[in-house]
Amino acid sequence: MGSFCNESYAEFLDSLKAAGIVIRNEAEVRERLAESQRWRSAFMTLAANGRTLGIEFSPAGNGSDPSAVQRLLAAHAFPAEKEAALLAQLTTARN
């Protein structure tokens with residue numbers, strides 16, 4: 001794995017959107033990540049369990065790029081199992 005990416009949570013979310021991911025209730029996501037000392041862990045928790053808060057990550061139709069999302073998650077050193085779970089969630093949402 002490459003070196004750890006030092007982007008902020010805001011830059012990460014912007015990169016995720018640039019890769020074609022729609023963030024429902026984005027303001028809530030940004031607020032929660034801003035409050036967290038470990039925003040990567042908080043992001044994965046929100047990605048897995050955020051629906052009860054109205055938070056959802058989904059592909060933007062044909063405009064999403066799963067390989068770009070995978071590269072982004074790898075660059076931010078997310079654990080492989082968490083990365084795989086999010087990618088599976090996005091793939092399921094796409095179908």
Side-chain angles (χ1 to χ4, degrees):
M1 185 180 313
S3 63
F4 186 71
C5 184
N6 287 320
E7 280 186 338
S8 69
Y9 74 88
E11 292 167 322
F12 170 74
L13 292 177
D14 290 342
S15 296
L16 201 59
K17 290 176 11 183
I21 301 303
V22 175
I23 304 170
R24 193 171 120 223
N25 204 357
E26 183 177 344
E28 181 75 12
V29 173
R30 288 183 182 272
E31 182 178 326
R32 288 178 178 268
L33 296 184
E35 294 170 349
S36 178
Q37 292 286 335
R38 298 173 41 146
W39 69 261
R40 288 166 183 80
S41 294
F43 169 79
M44 292 311 298
T45 299
L46 291 173
N49 305 308
R51 286 197 170 134
T52 59
L53 302 170
I55 294 169
E56 191 172 65
F57 300 89
S58 59
N62 293 333
S64 65
D65 182 356
S67 60
V69 174
Q70 187 172 18
R71 285 190 305 273
L72 179 62
L73 294 173
H76 283 276
F78 284 103
E81 68 277 0
K82 300 290 188 179
E83 179 182 322
L86 179 60
L87 291 171
Q89 175 185 335
L90 294 173
T91 301
T92 301
R94 171 176 263 184
N95 296 331

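Between W39 and H76, some side-chain heavy-atom pair lies under the 4.5 Å cut-off. Two residues are said to be in side-chain contact when any heavy atoms from C-beta on lie closer than 4.5 Å; V29 and F57 meet this criterion. Residues N25 and R32 have side chains not in contact (no heavy-atom distance under 4.5 Å, counting atoms from C-beta outward).
For the side chain to side chain contact (heavy atoms under 4.5 Å, CB included) criterion with I23, the lone passing option out of R30, E56, K17 is K17.
Judged by distance alone, the side chain of E11 and the main-chain N or O of S8 form a donor-acceptor pair under 3.5 Å.
The distance from atom OG1 of T45 to atom CZ of R40, rounded to the nearest 0.5 Å, is 14.0 Å. For the atom pair M44 CE and R38 CZ, the distance stands at 13.0 Å (nearest 0.5 Å). Rounded to the nearest 0.5 Å, atoms CG (L46) and OG (S41) are 11.0 Å apart. We find the CG-OH distance between L13 and Y9 to be 8.0 Å, quoted to the nearest 0.5 Å. Rounding to the nearest 0.5 Å gives a distance of 10.0 Å between CG of L72 and CG of L86.
Across P66 and L87, no two heavy atoms sit closer than the pair O-CD2, 4.1 Å. The two residues I21 and P59 come nearest to each other via the heavy atoms CD1-CA, 4.2 Å.
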